[in-house]
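Before any comments, here is the structure.
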Amino acid sequence: MLQKRLAALAVLIVGCAIGWFVYASQTGGWRPFELGLDLSGGTRLVYSADTSKLAEGSDVGGAMDALRSTIERRIDAFGVAEPSVYTEQGGVTGQGGQRLVVELPGVTDTQEAIDLIGKTPVLDFRLETTTPGTTTPSFIATGLTGEYLSNAQLQFMNTTGSLANQPVVALTFNSKGKQLFATLTTNNVGHVIGIFLDGQPISTPTVQEPITDGQAIIQGSFTPEQAKTLAQDLNFGALPVPITLLSTQTIGSTLGSQAVADGIMAGIWGVLLVGIFMLLWYRLPGVVASVALILYIVAMLAVFKLIPVTLTAAGIAGFILSIGMAVDANILIFERTREELAAGKDTREAVKEGFARAWPSIRDSNFSSMITAIILYWFGTALVKGFALVFGIGVLVSMLTAISASRTLLVALGLDRRKRLARFLYSSGTKFRI
């Protein structure tokens, strides 16, 4: 029953993949595959983040997430397509401090990017003003900055009616901030005070009444997740998390193009050699395995587009490796089938029994490979993660195609084993009789 369900799922996936390719070719919906920095060219910047100034017990992970979000906003303003910003622990054992990695495809002049990125986030409160003769509001600095903010946290309105349980962000200012905020709100009731992080507005609440106790509520059409994110930006945007540039790496587009071309050529040769070996050694089942391998490649390419997967040189290596591993299940099945044929069963029964006997080995070997891929992705750096992701997807897809396409085709091509042609086609290696 499990095999039938997996077979149906695999047929559905392969069918959707082929249908998508046909649709894309007919409608002009083709888009280039997303390539990583090492293939498309660009700049990779590695920064060291100094979290030593955070208060004891502070959420370092949250501070790094807020820093990453801030850098992403800067890059969006810079206009870089498909940037990648992530944090990681330095050193082999993760004891080398916090690091921020920024990958900018297509950027080869690194100085402007360094100038844009290498600043500490600044949180400040600005008053909205309207210039006479215009309808576009502008904001002016008030002197109230993140250094006067003690805390921001997610809360829920404890009221009835339409505002019941509405998520809000509660602000608490220190003594100096309390005085500044009291003066600001007293003089600007009904006006908007914008909260800016790194020069970009993250909230623009309107002052409803003077606030003199240093406690303020920001409310709006927030979801709990949005309110949580706003509180995080307010908390950690106000804290000094300086970043220091550790290294830069510029990769030219020529190197990336050559790597793509070499990867494609390696993949073609890999498919051809595997197909030739399967054809010569397993004959008719080898032809079936080659067809299943083509379906596997189509399904993998469709997955790369649909997720989408950003391909790196390591990812292409994982894909090419998975091509060879994609026929492992077929080899187990063919050997088990050959044993059943030797025992005197007809081809269809031998194929079914061969699949049934091979399935436990296929399942266990692929699950162990999936566990390895997950561990590599969880603990690896960006380079290792690219390999692990593609390799893991390849193992999963190859398992599904092996137990669906190969089985279906072999059963459909079942021949009378008593005939000489059938004995030859279902033999393997240098043997000509079963």
Side-chain angles (χ1 to χ4, degrees), residues 10-11 13-22 24-25 30 32-36 38-39 256-335 337 358 362 365-366 369-370 373 386-410 412-413 425 428-429:
V11 170
I13 292 174
V14 173
C16 291
I18 295 175
W20 180 85
F21 269 91
V22 172
S25 63
W30 293 106
F33 287 96
E34 294 190 13
L35 302 179
D38 54 348
L39 299 181
S257 300
Q258 186 62 40
V260 173
D262 291 344
I264 293 174
M265 185 57 64
I268 293 174
W269 276 108
V271 172
L272 288 176
L273 293 176
V274 170
I276 291 172
F277 168 78
M278 295 299 294
L279 177 62
L280 294 178
W281 193 262
Y282 288 103
R283 302 188 184 108
L284 181 61
V287 174
V288 170
S290 298
V291 173
L293 185 60
I294 293 174
L295 293 177
Y296 160 76
I297 294 173
V298 172
M300 283 291 290
L301 294 177
V303 170
F304 291 162
K305 299 284 286 186
L306 292 174
I307 291 182
V309 174
T310 300
L311 291 176
T312 62
I316 291 179
F319 182 33
I320 295 172
L321 177 61
S322 68
I323 291 174
M325 297 187 63
V327 297
D328 284 356
N330 288 284
I331 291 175
L332 288 172
I333 293 165
F334 298 161
E335 290 296 332
T337 300
I362 296 172
S365 63
N366 281 276
S369 296
M370 287 295 299
F387 173 86
L389 176 63
V390 175
F391 178 70
I393 294 174
V395 170
L396 179 60
V397 174
S398 68
M399 182 173 62
L400 296 177
T401 55
I403 63 176
S404 60
S406 298
R407 184 179 188 277
T408 302
L409 291 173
L410 279 177
L413 294 173
L425 291 177
S428 64

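Quick note: numbers below take in every heavy atom, side chains included, and nothing from hydrogens, waters or symmetry partners.
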note = Heavy atoms of Gly318 and Val390 approach each other most closely as C-CG1, 4.1 Å
task = Please collect all ring-ring contact (aromatic ring centres under 6.0 Å, His included) contacts where either partner lies in residues 302-321, sequence neighbours excluded, each pair once.
result = Phe304-Phe319
note = Value for CH2 (Trp281) from CD1 (Ile331), rounded to nearest 0.5 Å, stands at 10.5 Å
request  = Looking only at non-hydrogen atoms, find the nearest pair between Ala373 and Gly392 and report the distance.
outcome  = CB-CA, 3.8 Å
query = What is the minimum heavy-atom distance between Met370 and Leu396, and which atoms define it?
reply = SD-N, 4.2 Å
message = Show every side-chain hydrogen bond (donor to acceptor under 3.5 Å, both in side chains) that has at least one partner inside residues 313-323, sequence neighbours left out.
response = Tyr296-Ser322
Hey, can you pull the donor-acceptor pairs under 3.5 Å for the side chains in residues 263-275, sequence neighbours left out?
none

